[in-house]
2 protein chains.
Amino acid sequence: LGCLYTASSSFLDSVSPSDREGNGSTQSSHRLLAYSDALISIIATVMILPVAHTKVEDNESVQLLLTTKIAVYLMTFLIVTVAWAAHIRLFQVIVRIDDCLALLNLACMMLITFLPYTFSLMATFPNNILGILLFCGCVMVIGIIQSVIVLYAFSRPFLLNEPIQISENQTVYKHHLLKVIMRVPIMCFFASVFSFIFFQLSYVLLAIVIFLPYISQGLKWCRSKAMGPVEESPDSVMFYTYLPNEPLSKERVEAFSDGVYAIVATLLILDICEDNVPDPSVVEKQYGGSLVAALQDFGPEYLAYFGSFATVGLLWFVHHSLFLHVTKATRFMGLLNTFSLAFVGGLPLAYQLTHEFQPNSQNELEAIQISCVIIFFAGIFQLCIWVVALYNERETLHPYVRYGGREHAFMLAKLALYPCVALGTFFLTCILSKFSAPIFHLMEITVPFAFLVLRLLVRVGLALIRLIFYPATANRNVIVEEEVSQASVPFNALIT
Amino acid sequence: LGCLYTASSSFLDSVSPSDREGNGSTQSSHRLLAYSDALISIIATVMILPVAHTKVEDNESVQLLLTTKIAVYLMTFLIVTVAWAAHIRLFQVIVRIDDCLALLNLACMMLITFLPYTFSLMATFPNNILGILLFCGCVMVIGIIQSVIVLYAFSRPFLLNEPIQISENQTVYKHHLLKVIMRVPIMCFFASVFSFIFFQLSYVLLAIVIFLPYISQGLKWCRSKAMGPVEESPDSVMFYTYLPNEPLSKERVEAFSDGVYAIVATLLILDICEDNVPDPSVVEKQYGGSLVAALQDFGPEYLAYFGSFATVGLLWFVHHSLFLHVTKATRFMGLLNTFSLAFVGGLPLAYQLTHEFQPNSQNELEAIQISCVIIFFAGIFQLCIWVVALYNERETLHPYVRYGGREHAFMLAKLALYPCVALGTFFLTCILSKFSAPIFHLMEITVPFAFLVLRLLVRVGLALIRLIFYPATANRNVIVEEEVSQASVPFNALIT
């Protein structure tokens, strides 16, 4: 039964083999999942907009409002990614679709896209139970639709993945799946009932629902520590667990990340296109008809746009390089990726803030430092993914980037560049606080070029290290490395 | 040389074969292109936002403003899709990337995302040359970056597609490519120079640039009609032409469409999340603390959201079913797809308008009729794609949906459902204008269920037709069809 692991990890493979019982209306689920990923990534990042459009004044209540909105953004991001993870594991079991499943999935998506709004009602009116009821209602309907999807798919076994399709005890799988899926709606049902009696308890229940995977995982760990490893029935152990090394479809992690990066990179241009086209009459009156003068007022906003696009684009580039060498994504790597993306989502706003205040003011300095902190965390979580992957490198990484692989040092340099630069800029702005803006802009301009010449820099750095530590063998090693990189090594394993 | 055609159409195939000269840093371009498609689809739909946020009053100048903004939206959509088509054909030649190309492509994307803004400046200040200069500047820089990409790729031939890689005269290809790419920036250069002398001429030049593919195609057609078919050099004929049946990467058409459908489906929830969370103090004052009462005012907006999500989702579903059976996409099909998407983009706004006016007012009736017209055109252009594909069905369609294929009638029903329903609703609202809103809502609710039972409906319909026209053979045919659909026919050709 251990083959379930391998099967669900090689997601694409399981689509292509001949379906023994397939009928004419069966379809590959690839595009449906890509579309779902696009929808979910938009919804995950949408709550950043109310944060973006809050006008910051030197007013205590606005600061509080901003904090509330940021908390809503982060919580929404978390909830939506939990829903997304559940969607992934469901469609790792159901690998083919037909028209009926596609329509049911669209209905499910419609309700998921409504979740952020109910959540934002909860945050604005914490003492009103309407938000809780709406949220619970949505989650319950989503659970029912997903159960229908499972029942429908098990009634047509050619839609399921290979190991379950050939397995003898499909009913066991079905019941286990339904049990896992229905756990969340049932808890939401209790939360909505309790909200009438004692609504604080509902919030506790909802928090449990959201963190269920991690709580269940923690409990299992505690139990295994306290009573020694327990022998469970093999089905429930290997299938639909919450283990951190449970495989997660790498393709979908990439698609979701691409969606978030794309939305975030263009967040500022959306605002610019809408707000920064001056009214002809205003230009006539205030600027004497000079459009150039009118647009000069928006200069800082253009700068913020190009800065944030470049930073988000380069963080995407690092992410792309990393996942090109990842052969299997796990749940834990997915979680770290989510954290990284949550910080990326805040980046455009931080950049926007850097240009909104008086030059050399305390506010400007703080905004620049916040930007550095966000870049640092977005980068460091990407680095964490790699570190986690290295712990189990035989399973999760391509040979080129493992310890001693020819791309190992280069990948480390790529992943470490942004955290290091952000940290350096942060401390520089602390020391030279008067020049914080020029330092920040210099950083923005240098980093893209640093990426362009990074391979060269890494090679020079390695040569220097060898020269210092092993002066005798240095020359020979450099020549050997040159030869290796010139040789035509096939790269197919990576591409396919 | 004809093999170029087949090679660039089977885009994915050309990624996987062993690269004979590949070196370690070469990567599959798949994810870079998916990310570019996501960025471009966001930018293509962004200019709908200023249209969405224009407040409609009974005021002549607002109507004019709205018309201008809609024109800007449609023109932006067209320009961005022209840039996107150029991007596709460039990366049909360059099928593998390395870090340097990825970074150059990101720079290119940054400038493309800035185009809508320059265009919107042009529309707001038609007499000011700043908009023209900015637009031309962007296009020229994009052209230069793309030329650098071409030069870089040809200096590392393992990045190119197979036919060019093994070809003897790579230099001919390179020069042809550069010539085609540099045509646009050079015309923009002249446009920016002319703008100082006689700026109306610049607009003419820019219009020529945008419609260049179609103009060049028209001229070629005229020449061939006037002087008989001309024998050109084989390279320029088969490669980088503007022929309507030139293949277009089907995968990228799907990715771009998915992006547009996803953004459009969530457009209204973005607004709802930002604007429709009432302020606690307002609820306290105006509604006596009753959140339910406060939210009831937003009821029509929720209805508009669910209605537009369902319609866009179902149009995506039709698009998905269609492209599942399309084996090769052509330039002309891409153009029809663009038209369909441009209408889809306007759908959420039309839906929003239907709920903004007084019940039974002339405005409400007009808004509902506009929604029907938009749905009709979005659907009819999808149907056109299929009709065009049928003209050359051996090359472009899967056997199941060709004339006489077992899915042919079902596919036709799927594609015709929305145009027919929209047309029916339109005429019903003309006749029974008093009940226009109930008719429209009834349509919204029935259509998803119609899709669920469509297969059944089509079978019943076909059986009825047989019964009426060939009463003698009807019974036998139904049995045969049943048998065929029960038989386990492998469906692999479609999935892979």
Side-chain angles (χ1 to χ4, degrees), chain A residues 15-16 18-19 21-22 24 26-28 31 34-35 38-39 42-43 46-47 49-50 53 100 102-103 106 110 113 116-117 120-121 124-125 128 130 254 258-259 262 265-266 269-270 272-274 277 280 291-292 309 313 316-317 320 324 400 406-407 451-452 485 488-492 495-496, chain B residues 15-16 18-19 21-24 26-28 31 34-35 38-39 42-43 46-47 49-50 100 102-103 106 110 113 116-117 120-121 124-125 128 130 254 258-259 262 265-266 269-270 272-274 277 280 291-292 309 313 316-317 320 324 400 406-407 451-452 485 488-492 495-496:
Chain A
V15 178
S16 21
S18 66
D19 37 347
E21 291 183 76
T26 325
Q27 305 150 8
S28 154
R31 201 181 153 194
Y35 183 60
L39 283 175
I42 294 171
I43 288 309
V46 64
M47 292 313 293
L49 286 177
H53 297 158
C100 192
L103 291 172
L106 282 179
M110 179 148 73
T113 56
Y117 179 64
S120 131
L121 278 183
T124 323
F125 300 93
N128 197 309
L130 188 68
E254 288 180 355
D258 281 355
T266 47
I269 200 76
L270 301 190
I272 288 178
C273 279
E274 194 169 350
V277 180
L291 183 57
V292 179
F309 189 100
W316 174 84
F317 172 71
H320 165 255
L324 203 67
Y400 280 172
R406 38 186 280 220
E407 298 274 315
F451 271 107
L452 268 178
S485 67
S488 55
V489 182
F491 202 57
N492 300 329
I495 287 167
T496 51
Chain B
V15 178
S16 22
S18 63
D19 36 347
E21 290 183 76
N23 91 23
T26 324
Q27 305 149 6
S28 153
R31 201 179 153 195
Y35 184 60
L39 282 175
I42 295 172
I43 288 309
V46 63
M47 292 315 291
L49 286 177
C100 191
L103 291 171
L106 282 179
M110 179 147 75
T113 56
Y117 180 65
S120 130
L121 278 183
T124 324
F125 300 93
N128 197 310
L130 189 68
E254 288 180 354
D258 282 353
T266 47
I269 201 76
L270 301 190
I272 288 178
C273 279
E274 194 169 352
V277 179
L291 183 57
V292 179
F309 189 100
W316 174 85
F317 171 71
H320 166 254
L324 202 66
Y400 280 172
R406 38 186 280 217
E407 299 276 313
F451 271 107
L452 268 177
S485 67
S488 54
V489 181
F491 202 58
N492 300 328
I495 287 165
T496 51

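Here is the naming used below: chain letters follow the sequence lines, and residue numbers restart at 1 for every chain.
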Student: Looking at CZ of A/Phe309 and CG of B/Leu39, how far apart are the two atoms once the value is rounded to the nearest 0.5 Å?
Tutor: 5.0 Å
Student: Check A/Leu452 against B/Cys100 and note the closest heavy-atom contact, atom names and distance.
Tutor: CD2-SG, 3.9 Å
Student: Does A/Tyr35 have any ring pair (Phe, Tyr, Trp, His ring centres under 6.0 Å) partners at least two apart in sequence or in another chain, and if so, which?
Tutor: B/Trp316
Student: Testing the basics here: between A/Leu106 and B/Gly313, what is the closest heavy-atom pair and its distance to 0.1 Å?
Tutor: CD1-O, 3.3 Å
Student: Once side-chain contact (heavy atoms from CB on, under 4.5 Å) is applied, do any residues pair with B/Ala102, and if so which ones, sequence neighbours excluded?
Tutor: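 If we apply the side-chain contact (heavy atoms from CB on, under 4.5 Å) test to B/Ala102, skipping adjacent residues, the hits are A/Phe317, B/Leu32, B/Ile97.
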Student: Counting only non-hydrogen atoms closer than 4.5 Å, does B/Leu130 touch chain A with its backbone (N, CA, C, O), its side chain (CB onward), both, or neither?
Tutor: side chain
Student: Show the nearest heavy-atom pair for residues B/Ser120 and A/Cys273, with the distance to one decimal.
Tutor: OG-O, 4.5 Å
Student: Please determine, among B/Thr266, B/Leu291, B/Ile42, the option with the most heavy-atom pairs under 4.5 Å with chain A.
Tutor: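 Winner by heavy-atom pair count: B/Leu291.
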Student: Looking at every non-hydrogen atom in both residues, tell me the closest pair between A/Ile269 and B/Thr113 and how far apart they are.
Tutor: CG1-O, 3.4 Å
Student: Tell me the closest heavy-atom pair linking B/Asp258 and A/Ala34, and the distance in Å.
Tutor: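 Between these two residues, the closest heavy atoms are OD2-CB, 4.3 Å.
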Student: Please state whether the side chain, the backbone, both or neither of B/Phe125 comes within less than 4.5 Å of a heavy atom of chain A.
Tutor: side chain
Student: What residue, out of B/Leu103, B/Leu121, B/Ile43, has the most heavy-atom pairs lying under 4.5 Å from chain A?
Tutor: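 Of B/Leu103, B/Leu121, B/Ile43, B/Leu103 has the most heavy-atom pairs under 4.5 Å with chain A.
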Student: For A/Ala265, is it the side chain, the backbone, both or neither that has a heavy atom under 4.5 Å from a heavy atom of chain B?
Tutor: side chain
